[in-house]
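Written out below as structure tokens is the structure these notes cover.
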Amino acid sequence: MQLIQNLKQATADAIQSIYQVQIKSEQVLVNATKPEIEGDYTIVLFAFVKQLGKSPDELGNALGEAVMAKMPGTITAFNIVKGFLNFTISDQFWLDYIQATDANKLVTPTANPKKIMVEYSSPNTNKPLHLGHLRNNFLGWSIAEILKLQGNDVVKTCIVNDRGIHICKSMIAWQLFASGATPESTNMKGDHFVGDYYVKYNDAYKAEMETLIAGGMTKEIAEQEAPIQKAAQAMLLKWEQGDAETMDLWKRMNEWVYAGFDVTYKKIGSDFFKTYYESNTYLLGKDLVDQGLSKKVFYQKEDSSVWIDLTSEGLDEKIVRRKDGTSVYITQDIGLAELKQKEFNTDASIYVVGDEQNYHFKVLKLICQKLQLPASDGIYHLSYGMVELPTGKMKSREGTVVDADDLVDGMIQIAKEKTESLGKVDDFTAAQLEKLYDTIGLGALKFFLLRVDPKKKMIFNPEESIDFHGFTGPFIQYTHARIKSILRKTGTTVKQVGTSLLPLEKALAMQLANFSAEVNEAAEALDPSKLAIYAFNLAKLFNSFYAELSIANAESEDKKNLRIQLGILTAATLKQAMQVLGIEVPEQM
RNA sequence: GGUUCGGUAGCUCAGCUGGAUAGAGCGUCAUCCUUCUAAGAUGAGGGCCAUUGGUUCGAAUCCAAUCCGAAUCACCA
């Protein structure tokens with residue numbers, strides 16, 4: 001849809017030819033005209049009034065005439081109200097647009113596609129996924145799909161945090177308390193099974209501390225001296241030494257967790273082209289430290305630890321290698337960044353990670369740039385806000401974590417009850433019903449988490465179930481199903497779409513024409529909520545249209561054709577917008 | 001204390017590259033199913049856009065200060 005762009009260009013050209021002043025087309029602001037005022041698109045004149053030294057009316061008339069002359073057949077009229085120049089677009093323009101648009105090609109691909117990596121999910125293998133992971137997964141997946149839709153080559157990756165002291169805690173607890181139990185023997189999902197032992201560890205740790213403190217020890221010393229804590233540390237050491245028994249247990253328990261994750265990922269529709277394991281990558285970046293030293297990006301302190309001084313960037317000093325020669329989190333991330341770039345030759349790399357790590361990624365990018373690693377300017381931290389409960393932050397120790405599997409199952413259950421109570425799908429088979437409940441339940445959940453600005457923290461109230469009315473996934477799914485239901489009756493063969501447009505028909509066409517631009521904006525801002533809002537507005541507009549105008553029983557054959565085509569385009573656009581949000585739209589519900 | 005992010009209707013959020021009377025959804029109240037799916041539509045009510053000052057023809061939007069909240073400033077990941 002080039003109309004707005006053309007309007008800007010024509011305005012800029014008109015200013016150039018009338019006043020001999022160079023204006024870039026991007027400087028021209030085009031808005032949708034307020035409903036009460038005659039016209040479709042509005043140009044704000046004030047921006048140029050001062051620069052050109054003309055009165056708004058004089059300028060508006062001159063520009064109006066000139067732009068109209070440049071776009072014959074497209075613009076039929078203009079008017080000026082209080083410094084706003086309003087253009088009316090001809091019905092024929094929209095009719096041509098409606099007739100010519102291909103429902104299978106709604107988005108024009110970008111002229112310069114890039115190779116972009118999106119890393120998201122990053123689970124720990126000591127506990128199951130929770131609500132926060134869901135926001136991360138939905139966001140990451142959706143961003144990747146939006147970038148793909150825009151025409152980029154996108155690689156989805158996941159880095160699994162599968163090593164470290166927290167994993168050893170689950171392992172120790174399993175050794176101490178499980179008496180050989182397995183997910184199979186207890187009939188549990190593997191990630192939940194292992195997660196339970198992580199909880200058991202913390203319970204035991206707490207109990208041991210209390211005993212020690214009651215015996216006269218201070219809290220600080222007790223924290224160090226608790227036997228289970230010492231055992232976990234000893235196990236980490238053994239792991240690092242490659243002790244066979246420890247490695248076996250570690251592999252075995254991680255396999256349980258992965259089996260559990262697979263089920264969840266499959267259910268929520270997450271997928272990765274490549275998974276990195278921290279156990280393979282945690283030693284990366286060591287050579288880069290040496291390189292950095294010789295490039296004088298890093299410096300060494302007396303105790304031989306290696307640092308970078310970022311005070312000139314307004315940050316602090318940051319250690320990149322301990323005095324004992326071992327590396328830290330940031331070091332392996334630098335190494336991994338280099339590895340990923342080399343492996344996939346990426347132009348850009350997007351990390352979907354919570355905003356608590358803003359500082360870390362700022363430092364990471366700076367260091368990569370200073371080391372002059374390829375494509376380090378393309379490192380981007382997609383920082384999203386935490387999901388909080390009305391009672392505050394989720395805390396696993398206090399049992400206030402909303403489990404991902406529970407939440408998903410709960411949503412599907414609600415979808416089932418709701419659907420059954422409406423009784424509109426009696427002709428569905430059991431398998432179709434199952435599928436429909438999944439679609440609606442997950443649709444509600446995904447939409448709920450994606451409809452807000454990723455940057456902002458959000459509040460989730462488990463007491464109030466997620467709504468199915470209004471600004472929700474099911475509302476849009478319903479609108480889609482409704483259109484499909486009509487199209488099943490009317491057929492989808494469209495001939496002549498007529499010669500005139502009613503206001504609602506025109507409004508719908510205008511909204512449809514915005515889709516491609518919305519996709520670009522969402523991609524630019526890495527913000528799926530823009531498309532969620534767009535889809536909602538489109539659905540709402542269609543529902544008003546639906547309430548007002550009949551499709552199957554339209555007043556003429558032309559009108560019927562026109563509205564069928566609008567229905568086809570609306571359904572396709574809703575489907576496409578929802579698809580990149582990871583939400584399916586049913587044919588019937 | 002430094003840095004970053006946020007504060008818009010009772011609640012959850014849009015709007016923030018300055019533009020016409022600040023918008024949705026939920027909740028509340030009222031209307032609309034013998035006519036294409038009421039998970040819908042229509043209307044009412046609800047606001048000192050945290051505060052104060054500044055820039056501007058024009059500020060929710062930009063700047064400064066203040067107040068409130070969060071994150072971070074780890075040789076954890």
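All values reported here derive from a predicted model rather than from experimental measurement. Note on naming: letters A, B, ... go to the chains in the order of the sequence lines (proteins, then strands), and numbering restarts at 1 for each one.
Counting non-hydrogen atoms of other residues, nucleotides and ligands closer than 6.0 Å to NZ of A:K323 gives a total of 12 or fewer. Open room surrounds CD on A:E38; 12 or fewer heavy atoms of other groups in view lie less than 6.0 Å from it. Within 6.0 Å of atom CD in A:Q300, more than 12 heavy atoms from other residues, nucleotides or ligands are found, so the atom counts as buried in its surroundings.
In this structure, OH of A:Y198 is placed 11 Å from C1' of B:rA77, rounded to the nearest angstrom. Distance CG (A:D453) to P (B:rC13): 11 Å, rounded to an integer number of Å. At whole-Å resolution of the value, CZ in A:R482 and P in B:rA38 are 5 Å apart.
Looking at every heavy atom in both residues, A:S383 comes nearest to A:D355 through OG-CB, 3.0 Å.
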Practice task
Take A:F361 and A:Y351, measure what ring pair (Phe, Tyr, Trp, His ring centres under 6.0 Å) needs, and give me the verdict at the end.
Solution key: CA-CA 9 Å; A:F361 281 99; A:Y351 295 79; 5.0 Å; yes
Practice task
Show your working on ring pair (Phe, Tyr, Trp, His ring centres under 6.0 Å) between A:F468 and A:F475 and close with a plain yes or no.
Solution key: CA-CA 6 Å; A:F468 282 49; A:F475 170 85; over 10 Å; no
Practice task
For A:I4 and A:N514, run side chain to side chain contact (heavy atoms under 4.5 Å, CB included): C-alpha distance rounded to whole Å, both residues' side-chain angles, the deciding distance at 0.1 Å, then the answer.
Solution key: CA-CA 9 Å; A:I4 292 176; A:N514 272 337; 4.2 Å; yes
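Counting only heavy atoms from C-beta on, A:R322 has its side chain closest to B:rC75 among B:rU72, B:rU37, B:rC75. Comparing B:rU37, B:rC75, B:rC36 against the side chain of A:Q588 picks out B:rU37 as the nearest. Proximity note for A:N543 (side chain, C-beta onward) versus B:rA39, B:rA20, B:rG40: the nearest is B:rG40. Comparing B:rA71, B:rC75, B:rG40 by their closest approach to the side chain of A:I319 singles out B:rC75. Taking the side chain of A:I459 as heavy atoms from C-beta on, and the options B:rU21, B:rA41, B:rU12, the nearest nucleotide is B:rU12. Of the candidates B:rA77, B:rA39, B:rG25, B:rA39 carries the atom nearest the A:M589 side chain, counting heavy atoms from C-beta on. Among the nucleotides B:rA77, B:rC13, B:rC57, the one closest to the side chain of A:K50 is B:rC57. When distances run from any side-chain atom of A:M458 to the nucleotides B:rA77, B:rU21, B:rC13, the shortest one goes to B:rC13.
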Practice task
Treat primed atoms plus P, OP1 and OP2 as sugar-phosphate and everything else as base, then score nucleotides 26-35 of chain B 5' to 3': B for base contact with protein heavy atoms under 4.0 Å, S for sugar-phosphate contact only, - for none.
Solution key: S--------S
Problem - Heavy-atom protein contacts under 4.0 Å, nucleotides 1-8 of chain B, coded B base, S sugar-phosphate only, - none - result: --S---S-
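Look at the P atom in both B:rA20 and B:rC32: the space between them is 36 Å, to the nearest Å. Between the C1' atoms of B:rG46 and B:rC57, the separation comes to 32 Å (whole Å). Distance check on atom P: B:rU21 versus B:rC49 gives 15 Å, rounded to whole Å. With P as the reference atom, B:rC11 and B:rU37 are 39 Å apart, rounded to whole Å. Distance check on atom C1': B:rU28 versus B:rU34 gives 32 Å, rounded to whole Å. Comparing the P positions of B:rG2 and B:rU66 gives an interatomic distance of 9 Å, to the nearest angstrom. Only the C1' atoms considered, B:rA65 is 24 Å distant from B:rG58, to the nearest whole Å. The P atoms of B:rC63 and B:rU4 are separated by 12 Å, rounded to the nearest whole Å.
In terms of phosphate contacts, A:Y534 brings no side-chain nitrogen or oxygen within less than 4.0 Å of OP1 or OP2 of B:rA14. Taking side-chain N and O atoms only, A:Y329 has no distance below 4.0 Å to OP1 or OP2 of B:rA77.
Evaluation of A:F84 against the base of B:rA20 yields a stacking contact (centre distance < 5.5 Å, interplanar angle < 30°). In this structure, A:F46 counts as stacked on the base of B:rG19 under the 5.5 Å centre distance and 30° plane angle limits.
For the pair A:K489 and A:S544, both in contact range of RNA chain B, the more 5′-proximal nearest nucleotide belongs to A:K489. Residue whose closest nucleotide on RNA chain B sits further toward the 5' end, between A:I483 and A:R163: A:I483.
A donor-acceptor contact under 3.5 Å links the side chain of A:T419 to the base of B:rA39. Side-chain N/O atoms of A:T42 and base N/O atoms of B:rA20 include a donor-acceptor pair closer than 3.5 Å. The base of B:rA20 sits within donor-acceptor range of the side chain of A:N86, with an N or O pair under 3.5 Å.
The residue from A:K455, A:R451, A:K456 that alone fulfils the salt bridge (Lys or Arg N to Asp or Glu O under 4.0 Å) condition with A:D453 is A:K455. Under the side chain to side chain contact (heavy atoms under 4.5 Å, CB included) test applied with A:F448, the options A:F460, A:F138, A:F471 reduce to a single match, A:F460.
For A:K418, the side-chain hydrogen bond (donor to acceptor under 3.5 Å, both in side chains) criterion is met by A:H469, not counting sequence neighbours. Residues that satisfy the side-chain hydrogen bond (donor to acceptor under 3.5 Å, both in side chains) test with A:T331, not counting sequence neighbours, are absent from this structure. Residues passing the side-chain hydrogen bond (donor to acceptor under 3.5 Å, both in side chains) test with A:E548: none are found, sequence neighbours excluded.
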Problem - Dot-bracket summary - RNA chain B, pairs being Watson-Crick or G-U whose distances fall under 3.5 Å, with | when paired to another strand - result: ((((((((.[[[[.)...(...]]]].(((((.......))))).....[[[[[..)....]]]]])))))))....
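Taking 90° from 0 as the syn/anti boundary, the base of B:rC33 is oriented syn.
One finds the OH atom of A:Y120 at 9.0 Å from the OG1 atom of A:T157 (value rounded to the nearest 0.5 Å). Note that CG of A:L63 is 7.5 Å distant from CD1 of A:I43, once rounded to the nearest 0.5 Å.
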